[in-house]
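Remarks on the structure that follows.
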Amino acid sequence: QAPIAQTKIESFQFLQETDDGDNIFSLEFSDLQDGDNFYHIAVKQIQYQLDITIDGTDTVYTILQERDTPFQIGSDDPLTGFSPDPEAISIYNTRGFLLQDGQFNLDRKYVSLQVPEEEIDVTNNDPEKTAFGFVVELRSVSESYYRYFDSIAEQTNTQELPVIIPFEVSNNIDDGYGNFSGYSVV
């Protein structure tokens, strides 16, 4: 069963830039569903071009490049700094993190995102019209989506070990292989 979009972003804001040039953002969201809820958070860095119309009333943003961006998820404390969340499940190839509702004890969830400032090649673009930004995507996902990507992450994280115990990738297709699941973007 696909989730119903009953997750609401309460706030998203830039907190600080670290000495290493990383950006720290805070994300606060709430869910209106009882029971276990599952989430996928992803970050993309975009490069876009700004074009202003002749009469100056409209600005057009044209996306030139977009790519998945590696980041850490955790909490940011003014005294101790950023600390990664050990419960968050990293999805392979910088595609984000999975979170389960049980990791939070409140209706409102607070997470911090540490995003490294990475350069996108701008050699062919007008620097005065080119800008950069981040897109953070919060998905409310079904339990089967969560279980599937959790099993893929586990399999991916064990590929470099010389001897591994085989395990089964999550499957919800009767008499077959695969996964049918869904998500909604908040």
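Please read all numbers here as calculations on a predicted model, not as lab measurements. If you read the sequence from its start, that first residue is 1, and numbering goes on from there.
Judged by distance alone, the side chain of T69 and the main-chain N or O of Q45 form a donor-acceptor pair under 3.5 Å.
In this structure, I89 and Y146 have side chains that are in contact, with non-hydrogen atoms separated by less than 4.5 Å. Residues Y148 and N172 form no side-chain contact, since every pair of their non-hydrogen atoms from C-beta on lies 4.5 Å or further apart.
Remark: K8 NZ to S30 OG distance equals 6.0 Å, nearest 0.5 Å. One distance of note links OG of S144 with CZ of F38; it measures 9.5 Å at 0.5 Å rounding. Taking NZ from K109 and CD from E28, the interatomic distance works out to 10.5 Å, rounded to the nearest 0.5 Å. Residue S142 holds its OG atom at 9.0 Å from CZ of F180, rounded to the nearest 0.5 Å. Atom OG of S26 and atom CG of L113 lie 8.5 Å apart (nearest 0.5 Å). We find the CD-CD distance between E143 and Q100 to be 7.5 Å, quoted to the nearest 0.5 Å.
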* Verdict with supporting geometry, Y39 and F29, side-chain contact (heavy atoms from CB on, under 4.5 Å) -> CA-CA 11 Å; Y39 308 97; F29 61 98; 3.8 Å; yes

* Asked: Taking it one step at a time, do I41 and I73 satisfy side-chain contact (heavy atoms from CB on, under 4.5 Å)?
  -> CA-CA 9 Å; I41 298 176; I73 190 167; 3.7 Å; yes

* side-chain contact (heavy atoms from CB on, under 4.5 Å) evaluation trace for I24 with T18 -> CA-CA 7 Å; I24 307 288; T18 66; 3.9 Å; yes

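For S75 and S83, the side-chain atoms include at least one donor-acceptor pair closer than 3.5 Å. No side-chain donor-acceptor contact under 3.5 Å links Y183 and H40. Side-chain contact of Q65 with Q47: a donor-acceptor pair under 3.5 Å is present, judged by distance alone. In the model, S181 has a side-chain atom that pairs as donor or acceptor with a side-chain atom of N179 under 3.5 Å.
Every residue meeting the salt bridge (charged side-chain N to carboxylate O under 4.0 Å, His left out) condition with E10, not counting sequence neighbours, appears here in chain and number order: R108.
Taken together through direct or relayed side-chain contacts under 4.5 Å among Ile, Leu, Val, Met, Phe, Trp and Tyr, V43 and I63 form parts of separate hydrophobic clusters.
Minimum interatomic distance between L15 and S112 (heavy atoms only, all atoms of both residues): CD1-OG, 4.4 Å.
Between F12 and the choices Y110, F25, F134, the ring-ring contact (aromatic ring centres under 6.0 Å, His included) rule is met once, by F25. For the side chain to side chain contact (heavy atoms under 4.5 Å, CB included) with L138, the qualifying choice from L99, V111, I9 is I9, the only one to do so.
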